[in-house]
Amino acid sequence: MNCRRARKLIYDFIDGMIADQDRLTLEQHIGACSSCEQMASGLSRSLDLLHRVAPEELDENFTWKVRLRLARERNTLARESVSHTSWVRSWNTRFAFSALSTLVVVIAVGYFSFGPAGVSVGNLPASGAPAEIAAEELTGFLESPLLKQSAFRQVAKPGQSNVARLNRTHNFGPYGTFTPRSVSTGAGASLVKSDGVLKEDTSPEFLTAKELKMSDEKRAEQFARMASDEKQAEQLERMVSDEKRAEQLEQMIVDLRTRLEACGCEDH
Amino acid sequence: MYADTFKQKARLKTLTDEELILEVAKGNNDGFDILVDRFKLRLFNYLFRMVGNRDDAEEIAQEAFVKAYIHADKYKTIAKFSTWLYTIATNLVRNRMRSKKRAPRLLSLWGRGRDGEEDDRPIDLVDPGRGPDETSNDRELSEMINQAIGKIPEKYRTSFVLREINQLSYEEIAAATGLKLGTVRSRINRARNYFRKVVEPLLEKGVDF
């Protein structure tokens, strides 16, 4: 047997795949060849060392991290699919959003012009110069989530006292009363009263009608995100292991028993 | 309600890996949890020995499971689930290695040496003040092993780790790496020799682990 053949058999021996006859031949060769003997010995000892190393331990929260990562990944995929669907770009969708916005404005204008309780633009309680509410700037709080982010704004007229306008309370019938939080200067900025001093309103919670009208696609993406987040939350809830749920349930039962014992109600 | 859930989970635990991933493809998330629990340690150890540090290994392991979940519908039962999972993980490691090579300013995944190239420098003992024959701590041994494996060229390292750490068969390694059986054997043996050459000097110093 030559060394080349012997080395191949050494590997077979390591893998436990050597035939008995070859094993005998190999042992004879190794006994006579120091080079092959060194190789066999070195391989055997080094691999034995490798196999003795204990496996690395893993963070016990690993499975939870996978779930969270999965939820994020699915959120991203949902956002991407919404932004690329023809539903967002369809004329029907844009028409629907525009129609809804217009409907709200029409209802609001009609109510203020012809509605009961004498609430109209001209009859608002005056304090200083009458405030003029431009129809195109007016949106209302309705049940529809579409308009939840909208807010009442008033367009300041030149010469009007902005502080007076901020103090005025308006009655919008079934939509309730409203005291403007901010006043639009009509130049893209808005002012808010704080401690009697007017300063720029940097609050992100109010959207102008212009902001409402624009970006139907962004709105659609936002709703998709909201829907997706809710679905994600539901799915994550379902993915909670039963053992954890059982533990929680057990804890709830223990808490309830403790409370019952405390009030002496346990026998009821 | 919980009794039914427990029964379902108990039933799922009796399924094979392949049956579980098919359940996942149907939308059964409990099956996915069981698969993660079954394979997380094996996958993590494979990746830890491949990339050399825990953080990267954990991140790639998470990514591999997420990809397995998302593409569960693409799993074909002709291969074992474990093989499929290792394939995903191996591809992720390769992609990382490639992106690290394209950005040479970044540290290599190993933090020393150059990926894909033989590194002949001797292994640094964790505590040079202590002789190798005094090294008996598991952590130090693990670190030494990591350094030794890191010196194996990357193209040999994959097959070597799958064989020697994860105890996969040659056929499974061939399936996971996309290599021919003969190529797998050849690479494993070359890697074994690299490993031997690195560790032997320590053994000759009388290290008794």
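Both backbone and side-chain heavy atoms feed into the values below; hydrogens, waters and symmetry mates do not. Quick caveat: nothing in here was measured; it's all calculated off a predicted structure. To find a chain, count down the sequence lines: A is the first, B the second, and so on, and within it residues start at 1.
- Using a 4.5 Å heavy-atom threshold, the side chains of Phe160(B) and Leu50(A) count as touching.
- In this structure, the portion of Gln167(B) lying under 4.5 Å from any heavy atom of chain A is its side chain and not its backbone.
- Looking at Ala61(B), the atoms closer than 4.5 Å to chain A (heavy atoms on both sides) sit in the backbone and in the side chain alike.
- The number of heavy-atom neighbours closer than 6.0 Å to CZ of Arg190(B), taken from other residues, nucleotides and ligands shown, is 12 or below.
- Residues Ile188(B) and Asp15(A) fail the side-chain proximity criterion, which asks for heavy atoms closer than 4.5 Å.
- Under the 4.5 Å side-chain criterion, counting only non-hydrogen atoms from C-beta, Arg67(A) is not in contact with Phe65(B).
- Residue-environment remark: CG (Asn61(A)) exceeds the threshold of 12 foreign heavy atoms within 6.0 Å.
- Contacts between Glu57(A) and chain B at a heavy-atom distance below 4.5 Å involve the backbone alone (N, CA, C, O).
- Between the side chains of Ser46(A) and Glu200(B), no donor-acceptor pair of N or O atoms lies under 3.5 Å.
- Arg11(B) CZ: more than 12 foreign heavy atoms inside a 6.0 Å radius.
- Proximity to chain B (any heavy atom under 4.5 Å) is restricted, for Ile14(A), to the side chain, taken from C-beta onward.
- Pairing each heavy atom of Glu58(B) with each of Lys65(A), the nearest pair is OE2-NZ, 2.9 Å.
- Between Ser41(A) atom OG and Arg196(B) atom CZ the span is 9.5 Å, to the nearest 0.5 Å.
- Across all non-hydrogen atoms, the minimal contact from Val66(A) to Val66(B) is O-CG2, 4.1 Å.
- Between atom CG of residue Leu70(A) and atom CD of residue Gln62(B) there is a gap of 11.0 Å, rounded to the nearest 0.5 Å.
- In this structure, Tyr170(B) places its OH atom where more than 12 heavy-atom neighbours from other residues, nucleotides or ligands lie under 6.0 Å away.
- Residues Arg54(B) and Asp59(A) have side chains not in contact (no heavy-atom distance under 4.5 Å, counting atoms from C-beta outward).
- One distance of note links CG of Asn189(B) with NZ of Lys8(A); it measures 9.0 Å at 0.5 Å rounding.
- Asn193(B) places a side-chain heavy atom less than 4.5 Å from the side chain of Tyr11(A).
- In this structure, CZ in Phe32(B) is found 9.0 Å from OG1 in Thr63(A), a value given to the nearest 0.5 Å.
- The closest donor-acceptor contact from the side chain of Asn45(B) to the backbone of Glu56(A) lies under 3.5 Å.
- Two residues are said to be in side-chain contact when any heavy atoms from C-beta on lie closer than 4.5 Å; Arg192(B) and Ile10(A) fail this criterion.
- Considering every non-hydrogen atom in both Glu73(A) and Ile70(B), the closest pair reads CG-CD1, 3.2 Å.
- Interface residue Arg163(B): only side-chain heavy atoms are found under 4.5 Å from chain A.
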